Amino acid sequence: MTQFVDSLTNAQGTYVSVFLAVMRYAAPLLAVILLWRCCKPLLTFQREPEIWAWLCLSNGKKLPITHWENVIGRHKRCDIVIDFPTVSRNHGVLTRYDDGSWTITDTDSKDGIQVNGQRVQICALHPGDIISVGGVEMSLEPISKQQEKRLNQLRTKGSSGMESITNLLILSIFQALSCMGFLMGGNGKHVMSILAGYGGIMVAQWALLIFYLFLRRPAFEVETVAFFLCTMGMAAICTVKPGESVKQLAAMVLGIAVFLTVAWSMRDLERAKKMRYVAAVAGVGLLVITLLFGREYYGAKNWLVIGSLSIQPSELAKVCFVYMGASAMDRLMNKHNLIFFIAYTLIICGCLALMNDFGTALIFFCAFLMIAYLRSGSVGTIALAVTALGFAGVIALKLAPHALRRFSSWRHIWENPLTTGYQQTRALMCIASGGLFGLGIGQGWMKNVFAADSDVVFATLAEEWGLLMPILLVLAIVALALFAVRCAAISRSSFYTIGACTAGAILIVQTIFNVLGTLDVLPLTGVTFPFVSNGGSSMICAWGLLAFIKAADTRKSASFAVRAGKAGRDEIE
């Protein structure tokens with residue numbers, strides 16, 4: 001095979017040069033077409049709220065209930081606003097369960113909640129029950145089974161199977177041309193690794209789509225975007241370390257398995273509430289094991305080495321952290337719940353601080369801010385947390401010399417271009433030399449720099465593929481996060497809302513740290529570019545986070561949270 005590629009390159013040198021030149025312009029064009037087709041439906045679908053019940057007030061007014069957890073109160077940000085002096089700002093939570101039953105919970109309000117004249121903390125609701133919230137009487141009128149069926153018929157449709165197949169065909173063409181570009185560009189000695197890397201991604205993506213079609217879930221835009229990002233990550237690996245392509249492919253397959261497992265667990269909210277305790281223990285356990293048995297690299301003790309396998313447990317703990325933080329369905333506004341989560345966050349960040357892994361700790365803190373705000377709606381809580389972070393940051397910089405060195409070189413890389421500023425100065429020069437359309441596949445110099453396929457992968461891709469391509473990768477991550485935010489307004493459960501928004505926030509924050517760290521706008525923290533950077537743990541984490549975004553999708557024939565009936569129609573769980 002190697003001799004064949006070498007002979008092809010020698011005999012058809014002119015054609016190879018033409019092909020590589022055309023690829024410089026064809027690649028970004030195909031990428032733009034693919035992302036436009038995938039991201040447009042994600043960002044423009046009609047957001048139609050689902051009405052699950054009506055809250056009937058004594059004056060005859062009916063308030064629609066559009067979520068499965070609804071905060072009742074006087075505050076304008078509440079789901080059900082009752083503007084009456086005796087009603088607290090956040091008075092209670094009205095909750096629907098998978099079996100269609102409802103409960104109401106008092107959130108330590110001043111005047112409490114009464115059901116049929118009895119003051120309650122939490123109470124199951126039945127037809128005809130009289131609910132008193134701060135003296136305002138009302139009753140709950142759930143929708144009928146017939147109305148539920150009609151509700152499903154009116155849901156916005158996801159992409160059809162034909163549209164998903166077309167998108168994947170475009171991606172497959174892009175992957176095939178990229179693979180040919182590497183083989184024709186002088187990488188013949190790594191032909192088997194390159195073929196295995198690209199071929200494995202193509203097999204995995206088509207297998208997953210066929211599985212979706214079997215489940216009557218043809219909408220595949222989110223996954224197609226993820227596979228595109230993985231493809232560009234494989235391109236960076238084939239440039240820098242082609243021998244590791246198979247290892248990264250194996251990590252991607254394992255990540256898909258995690259993606260499907262997390263998605264399955266979220267199909268039943270009662271099951272999800274039980275799983276959160278497993279996630280909480282697993283998240284802390286992973287970090288404690290790393291503290292006890294981990295190895296230190298570059299100042300941070302954040303790696304577990306098992307034979308020839310090395311993993312970064314803090315990446316896997318991110319998925320557990322989001323799962324734990326989002327699972328507040330039974331006590332959305334409960335203060336004890338929030339306090340427990342704050343304590344859990346402190347334990348997680350404390351373990352990371354002991355490992356000297358402050359970059360990852362900062363990502364966890366950003367995730368905490370998102371979850372805490374979505375849970376409580378309290379700006380004061382967020383302000384207090386940010387203030388505490390400022391004090392902790394000052395202490396961390398004094399206790400961790402390697403972190404202080406990173407900050408000392410920030411914005412001063414050109415003063416020490418051969419030492420602390422080596423990576424970033426070379427990255428900036430290579431980005432500039434690549435221009436908009438790049439030098440060509442495998443033709444860059446950035447591959448000689450340490451961590452060119454991980455910490456500074458943005459520069460590696462910009463040099464060979466042109467600045468347009470890594471910018472498209474950033475926009476792809478932004479599109480996934482915006483999709484999560486758009487789904488939040490119509491999401492059935494706070495679990496899906498908090499999980500999707502937090503997962504989107506982590507992907508955005510990691511991308512910001514990676515890209516702006518490469519450009520010296522922010523300190524270089526060693527944070528990975530989701531789906532793109534070389535690293536098995538990071539890849540598994542990215543797919544695990546993607547499951548939360550996918551689960552928030554309520555479009556017909558797209559959602560993980562709605563089962564398909566025997567006739568192919570979606571049914572309420």
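Model, not experiment: these values are computed from the prediction.
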Check your understanding: side chain to side chain contact (heavy atoms under 4.5 Å, CB included) between Leu507 and Ile549: does it pass, once the steps are laid out?
Key -> CA-CA 11 Å; Leu507 295 178; Ile549 296 176; 3.9 Å; yes

Practice item. For residues Gly255 and Trp543, report the shortest heavy-atom separation together with the two atoms involved. Key: O-CB, 3.2 Å

Review point. Considering only heavy atoms from C-beta outward, does the side chain of Thr360 approach that of Val527 to under 4.5 Å?
Key: no

Review point. So, Glu221 and Arg555, do they make that salt bridge, N to O below 4.0 Å?
Key: yes

Review point. What is the minimum heavy-atom distance between Ser537 and Leu316, and which atoms define it?
Key: O-CD2, 4.2 Å

Study note, to complete from the structure: Exactly one candidate in Asp453, Leu473, Ile237 meets side chain to side chain contact (heavy atoms under 4.5 Å, CB included) with Val532; the answer is Leu473

Review point. CG of Leu169 to OG of Ser164: how many Å apart, nearest 0.5 Å?
Key: 11.0 Å

Practice item. Determine whether Phe220 and Phe227 make a side-chain contact, defined as any pair of heavy atoms from C-beta on separated by less than 4.5 Å. Key: yes

Review point. Is Thr511 close to Phe529 at the side-chain level, that is, under 4.5 Å between some pair of heavy atoms?
Key: yes

Check your understanding: Is the backbone N or O of Gln205 less than 3.5 Å from a side-chain atom of Glu223, with the two atoms forming a donor-acceptor pair by type?
Key -> no

Check your understanding: Taking side chain as C-beta onward, heavy atoms only, is Gln312 less than 4.5 Å from Cys541?
Key -> no

Check your understanding: So do the side chains of Met266 and Phe548 get within less than 4.5 Å of each other, counting heavy atoms only?
Key -> yes

**Study point:** Non-hydrogen side-chain atoms of Gln248 and Asn534 separated by less than 4.5 Å
**Key:** yes

Check your understanding: Which atoms form the tightest heavy-atom contact between Gly283 and Ala317, and what is the distance?
Key -> O-CB, 4.0 Å

Practice item. Check the pair Val281 / Tyr277 against side chain to side chain contact (heavy atoms under 4.5 Å, CB included), numbers first and verdict last. Key: CA-CA 6 Å; Val281 174; Tyr277 301 110; 5.6 Å; no

Practice item. To the nearest 0.5 Å, tell me how far Ser265 OG sits from Tyr323 OH. Key: 3.0 Å

Practice item. Carefully, step by step, assess Ile477 and Gln510 under the rule side chain to side chain contact (heavy atoms under 4.5 Å, CB included). Key: CA-CA 10 Å; Ile477 295 291; Gln510 286 196 198; over 6 Å; no

**Study point:** Test item: Arg486 side-chain N/O and Leu43 main-chain N/O as donor-acceptor pair under 3.5 Å
**Key:** yes

Practice item. Please lay out, stage by stage, how Gln423 and Asp455 fare under the test side chain to side chain donor-acceptor pair (under 3.5 Å). Key: CA-CA 9 Å; Gln423 280 178 290; Asp455 296 359; 4.7 Å; no

Review point. Has the side chain of Asp520 got a donor or acceptor atom that lies under 3.5 Å from a matching backbone atom of Arg411?
Key: yes

Revision key, fill the gap. Residues Phe458 and Ile471: closest non-hydrogen pair is CE1-N, 4.4 Å

Review point. Roughly how far, to the nearest 0.5 Å, is the CZ atom of Phe513 from the CG atom of Leu524?
Key: 12.0 Å

Practice item. Sequence neighbours left out, what pairs pass side-chain hydrogen bond (donor to acceptor under 3.5 Å, both in side chains) with at least one residue falling in residues 456-483? Key: Thr239-Glu464

Practice item. Without swapping roles, check the side chain of Ser245 against the backbone of Ser193 for a donor-acceptor pair under 3.5 Å. Key: yes

Revision key, fill the gap. Between the OH atom in Tyr198 and the CG atom in Leu249, the distance rounded to the nearest 0.5 Å is 12.5 Å

Check your understanding: With a 4.5 Å heavy-atom cut-off, do Ser314 and Leu287 have their side chains touching?
Key -> yes

Check your understanding: Just by distance, do the side chain of Asn356 and the backbone of Asn302 share a donor-acceptor pair under 3.5 Å?
Key -> no

Review point. Have Ser494 and Glu69 got a donor and an acceptor in their side chains that come within less than 3.5 Å?
Key: yes

Exercise for review: Anything under 30° is parallel, anything over 60° is perpendicular, the rest tilted; go ahead and classify Phe341 against Phe321.
Suggested key: tilted

Check your understanding: Is the side chain of Gln424 donor-acceptor paired with the backbone N or O of Leu519 at a distance under 3.5 Å, no angle test?
Key -> no

Review point. Is there a donor-acceptor contact under 3.5 Å linking the side chains of Thr528 and Ser533?
Key: no

Review point. Of the non-hydrogen atoms in Ala204 and Ile256, which two are nearest, and what is the gap between them?
Key: CB-CD1, 4.2 Å

Review point. Below 4.5 Å, heavy atoms only, C-beta onward: do Val284 and Tyr344 meet side chain to side chain?
Key: yes

Study note, to complete from the structure: Taken to the nearest 0.5 Å, the spacing of Lys550 NZ from Phe483 CZ works out to 7.0 Å

Exercise for review: List the steps, then state whether side chain to side chain contact (heavy atoms under 4.5 Å, CB included) holds for Leu480 with Val222.
Suggested key: CA-CA 7 Å; Leu480 292 176; Val222 170; 4.0 Å; yes

Study note, to complete from the structure: Closest non-hydrogen contact found for Gly499 with Val322 is O-CG1, 3.8 Å

Practice item. Rounded to the nearest 0.5 Å, what's the gap from CD1 on Ile371 to CD1 on Ile498? Could you check? Key: 7.5 Å

Please table the atom pairs, donor to acceptor, closer than 3.5 Å between any side-chain atom in residues 27-42 and protein atoms at least two apart or in another chain.
{"unit_1": "Arg37", "atom_1": "NE", "unit_2": "Asn167", "atom_2": "OD1", "d": "2.5"}
{"unit_1": "Arg37", "atom_1": "NH2", "unit_2": "Asn167", "atom_2": "OD1", "d": "3.2"}

